[in-house]
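Throughout, numbering of the chain's residues begins at 1 and tracks the sequence. Since the model is a prediction, treat every value here as computed from it, not as a measurement. Whatever order the structure lists them in is the order used to number ligands and atoms, beginning at 1.
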Amino acid sequence: MLGQMMSQPLLISSMVAHAGKFHSDRDIISVETDGSVTKTNWQNVEKRARLLASALGKLGLKAGDRAATIAWNNHRHLEIYFGVSGAEYICHTINPRLIPEQIAYIINHAEDQILFIDKTFLPIAVGLKDHLKTVKNIVLMGARDEEALTALPNILFYEDLIADGDDSYEWPSFDENAASSLCYTSGTTGHPKGVLYSHRSTMLHSFCVVAPDSLSLSAIDNVLPVVPMFHVNAWGLPYAAAMTGAQLTLPGPGLDGVSLKNLINNYGVTLAAGVPTLWQGLLIALRETGEKLKTLDRTIIGGAACPLSLIIAFEDDYNVNIIHAWGMTETSPLGSVNRPLTKHLNQTDTETDQMAVKQGRPPFGIDLRICDDEGQVLPNDTKAQGELQVRGLWVVEGYFKAETETLNADGWFPTGDVANLDNDGFMQITDRAKDVIKSGGEWISSIDLENLAIGHEDILDAAVIGAKHEKWGERPLLLAVKAEGSELTEDELLAIYPNKVAKWWIPDRVIFVTELPHGGTGKLLKNKLRDAYENVLLD
Ligand code: ADP
């Protein structure tokens, strides 16, 4: 027997329609490419998203066509998110930090029909244009601009498209399983792979993002997604903000500590989200000026393990609650969030610290397990560690246009992360599988060692890799970047480890370097470090 309730498809357009209707005057603050600040609101965003949707139809886009963006977090990018997906086109966000060959590969693989760019990325578009096989129009996200016309004579202008749009356009209704957006994983090895989200998965993920045990978003929040809109849909925050009618403060290109501090304090941000390195930058800026964060209540940190020192600094010195979360492009991204259970409320400080560095527990909609090399499921006892596998309502099933299987035989997605789980599902990532250090047959967590090193006040960045060793197979090698003027020695740095990690985990050697290689999404490129340093303990 069927239930007798309305059946409405779960469509992204309904989120912005809700915000435009019931949170019409809620501000959207947007930093433009030139640093100026624009103030708009959800009503305008919804209206302009519809105008854009209708204009794209006039340009010849058909349902299912891909429209790409190379853009910062700003109000036009937000309108594109809703206008493109709302009209049944697919919003393909591209990471501008990828090398040009990869960007060209991604655009051609996705068969993008149209490319939206912020002015900052005009040189990228100029360099790419002869290599793009399917793109019919490049659109500058702004008003008519002579410099852009000179560089690309056929370029279109976003504000002309909006002016040409049809205000009577109404959001179409279609199958909630239709694709809504496309995001390629960074692909440190091999070609990037496309994850194709659906309206349904995006909506279910958004319901999860706003829930109290995850990011707890509400209409009175003012959200600063520092995480780029080209990085897993800014962790779903644009959708979650529309769903709740929260204010959005979009930082544009200004992601340095001083810009973030000013944006938070000038516009009353309550909730921010981004990778650990950004918050390190913010801390430095705060310490230099002695300023506090007047309105910031909590910050979501994910994308890389969050060092305990960062969590403690924000909580103790700035009264900001750090919410540690884990996810990946393939999981939309929310896979786990570190939110306490009743039993954790009266813990000792040491227990609280031990909990804080964990990546958290799966929210409803996500299931996690760990497996050994033979695929046997391991116990949730915090001691066993194995490959983390995930399944759920917003987890990838197959990569876009890929021929090989994405899931394993029993339908779980193998993440390539190595983790342990406790009985309540609290998960701690110890490594990427390919970065694991195997010393005498036992695993050493490079993440633990790195986070302790970064906790040293003289250390700006750190990486630990497995270097080849005659007796042990591999031993940990610490590569560290010192603060300017620091005279820290190898022995002084290694003195942080005794009593914090097992003796045999302590790195055999420290090499001080001037910088460490990071990839397009800010992650350490350990394969490069291994190439350069893996033999140093043999010599
Ligand atoms: P994102 O960086 O937004 O999470 P990516 O798909 O680029 O998405 O990267 C996913 C990978 O990043 C994960 O598989 C994991 O290795 C790493 N990662 C994400 N969050 C964390 C975290 N909180 N702690 C440790 N590693 C993390």
For ligand 1, which atoms have a heavy atom of A305 less than 4.0 angstrom away? 22 (C), 24 (N), 25 (C), 26 (N)

Do the side chains of D221 and R298 get close enough for a salt bridge, i.e. N-O under 4.0 angstrom? yes

Give the atoms of ligand 1, by number and element, whose distance to some non-hydrogen atom of T329 is under 4.0 Å. 5 (P), 6 (O), 7 (O), 8 (O)

Taking distance alone, with no angle check, do W235 and ligand 1 share an N/O pair under 3.5 Å? yes

If you compare R432, Q428, H231, Q359 by their heavy atoms, the one closest to atom 24 (N) of ligand 1 turns out to be Q359

Does N233 use its side chain to pair, donor to acceptor, with the backbone of G236 at less than 3.5 Å? no

Please work out which of G303, A304, P333 has its closest non-hydrogen atom nearest to atom 17 (C) of ligand 1. G303

Taking S336 for the side chain and Q359 for the main chain, is one N or O donor matched with an acceptor at less than 3.5 Å? yes

Counting heavy atoms under 4.0 Å, the part of M328 that contacts ligand 1 is both

Can you confirm, on distance only, whether ligand 1 has an N/O atom lying under 3.5 Å from any N/O atom belonging to G327? yes

State whether the side chain of D372 and the backbone N or O of E374 hold a donor-acceptor pair below 3.5 Å, judged by distance alone. yes

Here the atoms of ligand 1 under 4.0 Å from any heavy atom belonging to H324 are 23 (N)

Can you say whether the rings of F314 and Y318 are parallel (under 30°), tilted (30 to 60°) or perpendicular (over 60°)? tilted

Ligand 1 contact on V232 by region, counting heavy-atom pairs under 4.0 Å: side chain

Check for me whether A325 has a heavy atom closer than 4.0 Å to any atom of ligand 1. yes

Determine the sole option in D213, N338, D422 for which the side-chain hydrogen bond (donor to acceptor under 3.5 Å, both in side chains) test with R361 is passed. D213

Under 30°, 30 to 60°, or over 60°: which ring-plane class applies to H92 and Y184, parallel, tilted or perpendicular? tilted

